[in-house]
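Each remark here refers to the structure printed beneath this line.
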Amino acid sequence: MKFIIFISITLLVVQLISGCSTKKNDTLNVHPVKLKVGEGFVNPLGYYEKEPRFSWKLPSIDSGSLTQSAYQIQLATSLKQLRFSPDKWDSGKIVSSSTSWVTYKGHPLRSREKVFWRVRVWDQLGEMSEWSPTQTIEMGLLQNSDWVAKWIGAATTDTHLAPSQEVLATPQYFRKPFTISSEIQKARLYVTAKGVFKVFINGEDVSKADVLTPGWTPYQQRIETLTYDVTRQLNLYENVISSSIAGGWYSGRVAGLLDTDHKQSPRLLAQLEITYVDGSKEVIASDGTWKATQEGPIRFASNYDGERYDQNYEMPGWKTPSYNDGSWSKVITEDVLQSIHLRPKRHLPVREIETLNPVSVTQTKPGTAVFDFGQNMVGVPSLSLPVTKGKQVAIRYAEALHKGEFYTENYRSAHSTDYYLPVKSGVINYKPTFTFHGYRYVEVSGFDETKIPNANWISANVQHSDIELYKNFTSSNAKLNKLFENINWGLKSNFFDIPLDCPQRDERLGWTGDANAFVTPSLYMSDSYGFWSAWLKSLREEQTVDGFVPLYIPYVKWIDWTSSGWGDAATILPWELYTMTGDVKILEDSYASMKAWVEYHKSEAKGYVSHMKTFGDWLQPYPEAEGKGANRGDTDFSLISTAFFARSVEMTAKTAKELNKVRDYKALSVLHAKITKAFRDTFFDSGLNVTKGKSTQTAYLLSLAYNLIPENERPQAQEKLIALLEASDMHLRTGFLGTPLLAETLQNAGRSDLVYELIFKETYPSWFYSINNGATTTWERWNSYSSEDGFNPQGMNSLNHYAYGTISKWFYEGILGIKPAKPGFKEITIAPQITTKLDFVEGSYPTPQGEVKVSWSKEKSSLKLKVVIPNNSTAKIIIPVGYKLDDAKSAVSKPISNSLNLLPGNYQFHFIADSSIKGSKHFAS
Ligand code: RAM
């Protein structure tokens, strides 16, 4: 019955609002668009998955909406085969509405194989579309046995010689000349490093788009490899492949906070595969015939400390075939071990994405100038600078100034300085290669003192993992928009091959707890599924057999315990990624790891109460404890750990259900019920007062957000939470664990007005407080800096940290009101939360089906809501509290209770305020 009403209302809506229905033709004059492979690759070169997953979107059509009733995918080894007889796979017509994550079912693709693919669809009336334009996939080298190359290194770095820290921190340069005597059809370079590499063919940087590749994985288990098409770079006759490498994350200072951990010898692995027009093949692989030197111009390189460039060591022409490498030595070689998997990179590398110019230049003393870029960010600058022969230039970085001086205390031991020693006077051009900095200000000293510093001496290359940022939210409030912008900068600065906690100090680690807070917000803001899924693979690799998950991924020796709220990334991430994408593969890949983490939780629990160690509600404001302990907040540790025990079991149970593991699902559900009961009885008395530790906002947030107290007690718990907020003058008192739960919990309590109060708070602790104090990114602490008191003196104080950016999730799910009602947004809920604080809001999200758009604007007592529902999905609009539909203007006469069910299309609704509606006081407050 309900279904029938739904159909009739939605058809009415489609007809009245969109004005027409889908055109009836023999075939649809359109084709699927936005074809993707895996977690978002477009025509990948060097792909990793033998059985790729395919996704596409239905096109927007003027004549109405489309819903897919069937699809067909074809794959072939050539364009011709694709057209006439697909030899890899033809799915045939599959009756299904799926437009994403369709798994290839032909013979697994092999290393190097190139395939062509296309897709067509049938709509709701059974009409067939045209074929999509053809797309390609070219595979990388999928297994170690594909590599005939050997790891190579400069002889000076031979481990048998026990090379010093200094030697290992000095980049190595390689060369291999070779000749080509017939015409080339294609050439591919497969390459990676233990460390980070640059690679050139005949002088051209074939890796020029990429920064610090191959990036950071658990190197003892898996090293990612890159594939480049170098057909165009090769010449007939004389050629040379050359490369430089440095330690990067493999052999440099990483965590440990020591000055001395350039420990392992960086190595290069390269395999150039040439196919000639006559079909013959040749491989130029790194081996004992290559030559190397450490006497090149980059004398030192380190992620934390910077780079030292000495022009005296320049080797003009070393990347060209004619260079005389007589003074270079033969390399040493090491075999490719079976135990370390060489696998194609699973997500796009760090790249230079944009360039910023200084907003001001100040000469602080002769030969020293400070350049302000007006924005805290990550990357390296390009300098074009007048210099004096023999006088070293020093380039320092800072996120902030303190009383006009460079403030670098929060970099801790990271030296973060680049040096350049010129051999002649004149203008130098320099960009550091093997380091990265987190900064807003650059101080350059040692330039030609007779010259007046000029803004065009320097520009900033902003680097981050190559993910698209959607920039998909704006409102009538400038400060809210600034907050959104700051969160974007926090995201891009710290998505640096892995999710970093900070990009500038001597840490820069992939902390698991931070990921829990930010994974979903970041998916709303950017195309980052591939980034997260790749990091989750590293997490699974670092997990030990007993289920233990390190605090940060990849793990390096430093802090060796784990924490509730952090290790739970093993269960939280897969479920949240699945919710946002609908890709069941992330659950399949993660299920064993999720179960193992639950087992680890069990081993840390007595009965159903957990005693797992925890960082607590990290960096909660106004903690009772002093000193270091203050960082962990006031919420009882065991309460937190038991809440996360329950949460992890819940995520794993849901996954078991989704994967049809019925027995597991039952057992996990029983376990969850027991933990929940133990939680309720152990940490609260009959009046729902906290009995262990302090009564905190986070204690109630965890209870409510993770459903840990019985339904009938929820209203009481909500009241307690609100009372605590009121007692702190409607300020939050939450750290890394509580903050992500605030908005949704209050919205569920029917108090979105309070979320707005928190967001619009101007005083400490709040989001706007940081903006009022000059923030251009989100900070690690609510009070990292204030104009009055200066910098928080705590050693751990990043001015670029994404965790508190977690609030952006509510920009989508609350302010705009867009939420997945089913994993992957096949069904969407749209429940905008209206406030007097905003007159206008606009935003969108590219769901796997297509883009959902919402905007609302207010005029006196009326509210206009515009919505675009993407093809192939349905949406339910929840009428904002305190409003009723204005029938005449909206052309929709019968909402079902407080909601409207919609098919794909463009809609515009008008609502009028109705003070007789219960709850309306909240929308106006
Ligand atoms: C610091 C950072 C990081 C946090 C850990 C516990 O290193 O604040 O983000 O997760 O502490």
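Note that the structure is predicted; figures quoted are calculated from it, not measured. Index from 1, following the sequence. Counting starts at 1 for both ligands and their atoms, in listed order.
Scanning the protein for heavy atoms near atom 9 (O) of ligand 1, the closest one is Asp514 OD2, 2.5 Å. Nearest protein heavy-atom contact of atom 2 (C) of ligand 1 is Glu780 OE2, 3.1 Å. Atom 1 (C) of ligand 1 has its closest protein heavy atom at Met796 SD, 3.4 Å. Protein heavy atom at the shortest distance from atom 7 (O) of ligand 1 is Glu507 OE2, 2.4 Å.
Within 6.0 Å of CD on Gln221 lie more than 12 heavy atoms contributed by other residues, nucleotides or ligands.
Figure legend: Lys595 and Trp597 shown without cation-pi pairing, the cationic atom not lying both under 6.0 angstrom from the six-membered ring centre and within 45 degrees of its axis. Remark: Arg508 is positioned above the aromatic ring of Phe436, its terminal NZ or CZ atom under 6.0 angstrom from the ring centre and at most 45 degrees off the axis.
A donor-acceptor contact shorter than 3.5 Å is absent between the side chain of Asn461 and the backbone of Gly379.
For ligand 1, the atoms sitting less than 4.0 Å from at least one non-hydrogen atom of Trp566 are 6 (C), 10 (O), numbered in the order shown with element in parentheses. Those atoms of ligand 1 that come under 4.0 Å of a heavy atom in Phe736, given as number and element, are 9 (O).
Of the heavy atoms in Arg505, only side-chain atoms (C-beta onward) come closer than 4.0 Å to ligand 1.
In this structure, a donor-acceptor pair under 3.5 Å is present between the side chains of Glu762 and Asn772.
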